[in-house]
Amino acid sequence: MLSFEQKLDNYATLAIQIGVNVQPGQTLVINAMIDSGQLVQLLVRKAYEAGAKLVKVNYTDEAVSRMRYDHASEESFLEAPTWFAGEMIELAENGAAFLTVISSSPDLLKGVAPERIANHQRTYGQAMAKYRQYQQADKVSWNGLAAPSPDWAAKVFPDALPENQVNMLWDAIFAAVRADQPDPIQAWHDHIDKLQVKSDELNNKKFQSLHFVAPGTDLTVELPEGHIWAQAGSVNEQGTTFVANIPTEEVFTAPLKNGVNGKVTSTKPLSYGGNIIDRFSISFENGRIVDFSAEEGYETLERLVNMDEGSHYLGEVALVPFHSPISQSNILYYTTLFDENASCHLAIGSSYAFNIDGGKTMSSEDLAAKGMNQSITHVDFMMGSSEMNIYGITHDGAKVQIFTDGNWAF
């Protein structure tokens with residue numbers, strides 16, 4: 001059995017070699033919270049050992065962030081962070097890689113006035129729109145991974161002794177990302193290969209639409225002509241491979257913006273904007289969200305849907321089997337990075353340009369003409385379960401079973 005230090009070392013190695021895949025002479029930008037300092041220091045060292053020219057670390061503090069929401073003026077949330085966006089865009093245009101360490105509390109902004117959160121998310125999203133386009137077109141290498149914080153660990157393991165919660169979350173993360181295996185690099189190469197087999201099979205079938213059926217869900221999702229099923233392994237503009245999410249268990253594509261009809265019901269809570277949205281459903285007509293409800297977090301869901309015009313539509317449809325390792329762990333992580341890899345999911349907001357043939361080099365206008373959604377946001381929510389059945393509809397009307405009772409049918 002590997003020690004904590006060995007698993008942490010494996011985790012950092014995965015992030016640098018498989019995640020962002022740092023190249024000699026490259027700049028790496030790490031965005032993280034102060035709780036993750038031990039991991040960040042290890043990431044920095046490994047990035048330099050891989051030949052990084054510079055590793056720039058941006059730390060944030062949850063307590064400080066909350067103080068702003070509680071005490072700053074209303075005007076503060078209406079000012080776009082153009083200085084930060086400008087730096088990130090400049091770094092991206094000069095070939096930097098970007099790594100985000102997620103460790104925030106799912107309840108960080110509970111009780112904050114909804115309009116403050118909405119205003120911040122809107123101005124931040126508008127300022128970062130160009131950088132997001134670079135990400136969604138694979139112009140840059142980027143990766144998200146997680147490190148426990150005390151508040152997050154307490155949310156995941158509320159019945160455990162406080163002194164054990166962080167270590168329990170570390171163990172869960174290490175297992176989910178394969179850092180507890182003797183050769184995690186090879187394990188990840190094998191895993192990506194398996195996901196590629198599934199995406200290849202779906203691409204060969206060229207379905208016209210998908211039909212999702214489960215308790216509370218009856219949803220038809222048309223797919224644009226030339227759509228591409230992808231998995232998290234990507235290739236950036238310079239030809240360097242990277243993996244955007246650690247962990248990842250999904251294959252995904254873009255829906256046709258105006259081709260979504262029916263109702264979908266969530267199967268896991270969604271942590272968004274420092275609040276929880278739970279037990280919610282969304283109805284669509286011709287792609288647009290026309291109705292929604294939530295037993296918890298209705299105002300937060302309302303903020304999300306009304307973020308901009310594109311947030312009234314979907315940008316991603318992703319398939320994850322119920323028997324995926326994260327699902328079988330029976331742990332609810334309260335962060336999309338993990339929970340989306342335990343469940344089929346959809347994303348409100350923008351599409352990824354690489355999910356359509358030739359999309360990486362298309363203009364925004366060309367992508368829109370192909371039926372790809374555009375928005376300043378992209379938020380995944382979980383809707384898969386052991387009762388989910390999914391059918392692929394071919395262009396000649398044939399119906400092919402893709403998922404049976406939550407798992408692959410082929």
Side-chain angles (χ1 to χ4, degrees), residues 69 77-78 80 106-129 132-133 136 210 212 214 216-222 252 254-318 334-337 339-340 343-352 364 367-368 371-384:
Y69 280 96
F77 299 97
L78 298 173
D107 295 316
L108 175 63
L109 302 183
K110 187 174 183 178
V112 171
E115 60 272 17
R116 288 184 162 233
I117 301 172
N119 287 337
H120 168 72
Q121 290 170 330
R122 185 173 294 107
T123 56
Y124 181 86
Q126 290 168 347
M128 296 294 286
R132 177 178 286 278
Q133 289 173 2
Q136 294 183 329
L210 306 175
F212 295 83
T217 293
D218 187 349
L219 188 74
T220 300
V221 178
E222 291 184 54
F252 61 97
L256 182 67
K257 178 179 178 178
N258 297 316
V260 182
N261 288 278
K263 179 181 179 180
V264 61
T265 297
S266 68
T267 53
K268 291 180 183 292
L270 169 62
S271 176
Y272 171 72
N275 287 275
I276 298 294
I277 311 170
D278 198 8
R279 301 178 298 281
F280 60 95
S281 63
I282 304 175
S283 297
F284 297 83
E285 289 182 8
N286 298 322
R288 188 177 179 85
I289 295 173
V290 293
D291 193 22
F292 55 88
S293 64
E295 293 185 29
E296 179 181 353
Y298 178 86
E299 284 188 336
T300 303
L301 179 58
E302 186 177 37
R303 290 202 313 268
L304 169 58
V305 172
N306 292 318
M307 184 66 59
D308 63 5
E309 176 61 20
S311 58
H312 291 80
Y313 298 84
L314 295 180
E316 179 187 335
V317 52
Y334 292 99
T335 183
T336 304
L337 176 64
D339 291 336
E340 73 168 4
S343 170
C344 291
H345 53 274
L346 305 169
I348 291 172
S350 58
S351 301
Y352 289 101
S364 296
L367 288 168
M372 303 288 277
N373 191 34
Q374 298 175 46
S375 172
I376 61 173
T377 194
H378 178 101
V379 178
D380 301 277
F381 67 92
M382 288 61 70
M383 39 77 81

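Start at 1 with the first residue, then count along the sequence.
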> Which pair of heavy atoms, one from Ile276 and one from Pro269, lies closest together, and at what distance?
Replying inline: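 Shortest heavy-atom separation between Ile276 and Pro269 comes out as CG2-CB, 3.9 Å.
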
> For Val221 and Pro255, which heavy atoms make the closest approach, and how far apart are they?
Replying inline: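 Val221 and Pro255 have their closest heavy atoms at CG1-CB, 3.5 Å.
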
For a 4.5 angstrom cut-off between non-hydrogen side-chain atoms, does [X] reach [Y]?
X	Y	result
Met383	Cys344	yes
Val264	Asp218	no
Leu219	Asn261	no
Asp291	Ile282	no

> Among side-chain atoms of Asp339 and His345, is any donor-acceptor pair under 3.5 angstrom?
Replying inline: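 The criterion, which ignores hydrogens and geometry beyond distance, is not satisfied for His345 and Asp339.
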
Is a side-chain N or O of [X] found less than 3.5 angstrom from the main chain of [Y], in a donor-acceptor match?
X	Y	result
Ser311	Val305	yes
Ser343	Gly384	yes
Arg288	His312	no

Quick one: side-chain hydrogen bond (donor to acceptor under 3.5 Å, both in side chains) partners of [X], sequence neighbours excluded?
X	answer
Asp278	none
Asn258	none
Asn286	none
Glu115	none

>> Considering only residues two or more places apart or on different chains, which pairs with a residue in residues 263-275 satisfy side-chain hydrogen bond (donor to acceptor under 3.5 Å, both in side chains)?
In response: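 Only Gln121-Tyr272 qualify under side-chain hydrogen bond (donor to acceptor under 3.5 Å, both in side chains).
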
To the nearest 0.5 Å, what is the distance between [atom1] ([X]) and [atom2] ([Y])?
X	Y	atom1	atom2	answer
His120	Leu78	NE2	CG	12.0 Å
Ser364	Gln374	OG	CD	4.5 Å
Arg116	Phe77	CZ	CZ	4.5 Å
Asn373	Leu314	CG	CG	8.0 Å
Thr377	Leu304	OG1	CG	5.5 Å

Please tabulate, for the side chains in residues 292-303, all donor-acceptor contacts under 3.5 angstrom to protein atoms that are two or more places apart in sequence or on a different chain.
from, atom 1, to, atom 2, distance (Å)
Ser293, OG, Ser281, OG, 3.0
Glu295, OE1, Arg279, NE, 2.9

> What salt bridge (charged side-chain N to carboxylate O under 4.0 Å, His left out) pairs are there with at least one residue in residues 372-381, not counting sequence neighbours?
Replying inline: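 Not a single pair qualifies under salt bridge (charged side-chain N to carboxylate O under 4.0 Å, His left out).
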
Can you name the residues that form a side-chain contact (heavy atoms from CB on, under 4.5 Å) with [X], not counting sequence neighbours?
X	result
Ser350	Arg132, Gln136, Ser375, His378
Ile376	Arg122, Gln126, Met307, Asp308
Thr123	Ala80

>> Using the rule given for side-chain contact (heavy atoms from CB on, under 4.5 Å), can you reason through Val379 versus Leu270, listing the C-alpha separation, both sets of side-chain angles and the distance that settles it, and then say yes or no?
In response: CA-CA 9 Å; Val379 178; Leu270 169 62; 4.0 Å; yes

>> Using the rule given for side-chain contact (heavy atoms from CB on, under 4.5 Å), can you reason through Met382 versus Glu340, listing the C-alpha separation, both sets of side-chain angles and the distance that settles it, and then say yes or no?
In response: CA-CA 6 Å; Met382 288 61 70; Glu340 73 168 4; 4.1 Å; yes

> Who are the ring-ring contact (aromatic ring centres under 6.0 Å, His included) partners of Phe381, not counting sequence neighbours?
Replying inline: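 Phe280.
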
